[in-house]
Amino acid sequence: MIAQRRSISNPLLDVATDALVCNEATLEGSIKVGARCVIHPKATIIAKDGPIVIGEGNLIEEQTLIINKNRPGDPAENTPLIIGNHNVFEVGSEFQGKSIGNHNIVESKAKVGTCTTLSNGCVIGAACDVNIDEVLPENTVICGDKYLRRINADKPQPQTQQIDFLKKILPNYHHLTTNKNKKTSTS
Amino acid sequence: MATLLQISKVKYLIDENSDECDSLANLYFCMYCLSLRSADVLQHEIDSHFCPQTLDSLSPAEAPLKRNKSANSWQCPACLHPLSTRATSTAIQVTDDPTKSTAKKVYYQACTFCRWSTRGIGMPDKDIVNGAWTEKANPDVQRVNQLLEYYKYVAQQEKLDQETKRSSKKRGYFAVAMQLNKYGGARLGIGGKKPSPLTQVSSKLGESPSLKEVTIEPAKTYALEDLEPLPEDIYHKVVNFAKVSSVTQRHSHPEHQSESVNDFWPQKTRMFIKQSLRCKGCDHNIIKPEYNASSIKFKIHLVAVNQIPEIRINKVPKLVPGESCKIILTLVNPTEHVLHVTLLPHIEEEKTQRSNCQVELPTSDLVLSKYDEAAEFIAPEGGQAQFEDDPEVIAYRRGNRIGFYLQCTPDKDLQHGDEVWVTFKYKHEHYGNTTIVALLKGDKQQGEPEADWLKQTVFVNVGRISSS
Ligand SMILES: [Zn+2]
Ligand SMILES: [Zn+2]
């Protein structure tokens with residue numbers, strides 16, 4: 001079996017002090033994790049075609065795949081993927097775009113391809129696969145098997161309570177990756 | 001489930017005359033008429049209406065009064081998912097002291113699927129959980145009521161006309177009663193118990209025959225020229241799909257059909273019905289669910305798969321035109337009696353011929369042991385020995401099922417890819433109805449139940465010709 005690539009051994013990883021990154025998550029390449037982020041075990045974040053900067057209060061759940069990937073045909077520039085604040089990537093979601101704003105939700109098994117950019121407050125519904133060359137307007141909701149779109153009046157609420165809860169409960173069952181990569185807390 | 005996968009492969013003849021056939025899984029069995037019934041020939045009756053969310057039941061008489069809508073369950077106007085009530089607290093100022101404010105719980109409704117919420121359309125939050133929500137008023141409610149009133153008037157008028165016509169012909173009030181039935185009997189009765197024509201007449205006689213005339217204005221019509229022309233940019237303007245409602249969304253709100261998503265309004269959940277089926281031949285119930293909406297049980301559940309031994313396809317070798325081959329069919333006994341099954345040839349009329357395969361049927365009886373719910377938990381040994389199976393006929397025996405060989409020769413003129421249909425009849429015992437019918441009738445018959453012999457005709461699609 002191939003040795004498990006764990007976030008622990010990544011020297012380019014920068015985790016904010018009050019962020020919570022589980023050891024079983026895979027974080028490859030130059031990644032900066034902002035304050036109050038929670039990255040669940042078995043999430044995969046790969047800085048393939050440039051670094052990834054994750055803002056504050058993001059919740060990245062199990063089996064999520066986030067890749068900084070150039071569009072097919074684009075020059076291989078080393079542009080960063082910047083993830084804003086208070087985004088939620090639900091279980092099994094996939095994000096391959098180049099930019100995502102604040103307060104977005106990518107629901108379970110949803111996929112955002114390299115061409116689509118999420119602005120703020122967008123919701124990609126469960127199992128929706130979007131990859132059209134566009135910037136989704138603010139508060140766009142895409143959901144259902146017919147990909148019905150709607151502009152919501154409000155952006156989704158930030159998941160502060162859930163993040164606080166996870167920050168309490170996750171350390172009880174998982175090893176965590178801290179900033180100074182060699183140390184792992186087991187509390 | 002082989003039955004599910006082979007749903008179009010093994011078909012049972014329902015009606016000799018119409019040559020109608022269907023899979024056993026789609027059929028019902030009337031144990032009074034002792035014959036298969038398809039859903040089309042049964043009488044469908046509404047048992048009760050219920051809300052799929054709150055599981056409140058209503059009788060068929062009450063439901064139309066509530067417009068078939070649930071009392072306090074709401075659905076999302078955007079995706080028809082049930083809405084859930086969310087509680088949140090807001091700060092309100094204390095009237096005496098403007099510097100102080102207290103937290104107050106308020107409620108709004110939100111869809112967990114598409115994140116639509118009553119706040120999004122500017123609906124004010126409510127102070128109580130239930131009861132404060134209202135539907136958007138139907139803009140045409142007055143017109144609808146007028147039309148309803150007018151229809152009642154017309155119906156009454158017609159009735160009176162018929163009455164006078166009939167009585168002049170001196171045909172007695174029974175004819176009148178029949179006419180009354182025309183309007184009164186449109187409602188589906190439960191149990192077929194309509195009030196007798198006589199009582200209907202006597203109740204109607206109390207009313208005064210003079211009618212108050214109702215007049216109605218016909219709806220306005222427009223000539224094509226009167227219509228406003230389409231805006232010029234109609235074909236060029238880019239439609240913002242995020243702001244326009246879809247056809248499904250409009251149809252789910254027939255009275256409003258709002259074009260803009262901003263005009264969406266929560267709607268009450270529509271009621272579902274529990275349905276019972278009745279045999280038109282003998283008026284007995286075939287399917288009767290429990291009244292309670294939360295129960296998934298049936299009082300009467302006469303589906304064919306529980307009564308009739310079922311044929312399934314087990315193994316089919318390569319089918320070559322004109323060449324004999326051995327196919328294995330499975331016979332399953334769903335009943336709690338040992339069944340004897342005799343296979344019989346089926347002679348088809350030229351017109352309706354379905355089979356294109358000569359078939360040699362085993363001549364001996366096939367004996368099926370009974371269905372035993374505990375069979376899978378106890379060792380299969382022992383049960384096998386009591387049957388002396390001819391290995392030429394029986395391929396295998398496992399619990400309540402056997403596999404038997406069928407010698408088939410597909411017709412010579414079949415082409416590659418053609419479907420091969422085998423047709424035969426089988427005769428089997430049918431127990432159960434005597435004892436159950438006796439029980440239902442209240443007789444206390446003792447002793448061995450008597451068996452009826454039933455005959456089924458099956459058409460089996462055994463596969464396609466694989467080479468020419
Ligand atoms: Zn919805
Ligand atoms: Zn019947």
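As the structure is a prediction and not an experimental result, all values here were calculated from the model. The chains referred to below are lettered A, B, ... by the order of the sequence lines, with proteins before strands, and numbering in each begins at 1.
Inter-residue side-chain proximity for B/Gln109 and B/Thr85 is flagged as met; some heavy-atom pair is nearer than 4.5 Å.
Both the backbone and the side chain of A/Ile151 have a heavy atom closer than 4.5 Å to some heavy atom of chain B. When heavy atoms are compared at a cutoff of 4.5 Å, A/Ile142 does not approach chain B at all.
Using a 4.0 Å cut-off between charged side-chain N and carboxylate O, A/Arg36 and A/Asp164 make no salt bridge. With salt bridges taken as basic N to acidic carboxylate O contacts below 4.0 Å, none links A/Lys98 and A/Asp49.
Few gaps surround CZ on B/Arg143; more than 12 heavy atoms of other groups in view lie less than 6.0 Å from it. Shown here is A/Lys155, whose NZ atom has no more than 12 heavy atoms of other residues, nucleotides or ligands within 6.0 Å.
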Let me see the working for B/Phe50 and B/Asp56 under side chain to side chain contact (heavy atoms under 4.5 Å, CB included), right down to the final yes or no. CA-CA 5 Å; B/Phe50 69 97; B/Asp56 297 334; over 6 Å; no
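A parallel orientation is assigned to the rings of A/His86 and A/His103, their planes being inclined by less than 30° (bins at 30° and 60°).
Most heavy-atom pairs under 4.5 Å with chain B, from the set A/Thr140, A/Asn139, A/Leu148: that is A/Leu148.
Contact annotation for residues 114-126 of chain B against chain A (heavy-atom separation below 4.5 Å, listed by residue number): B/Cys114, B/Arg115, B/Trp116, B/Gly120.
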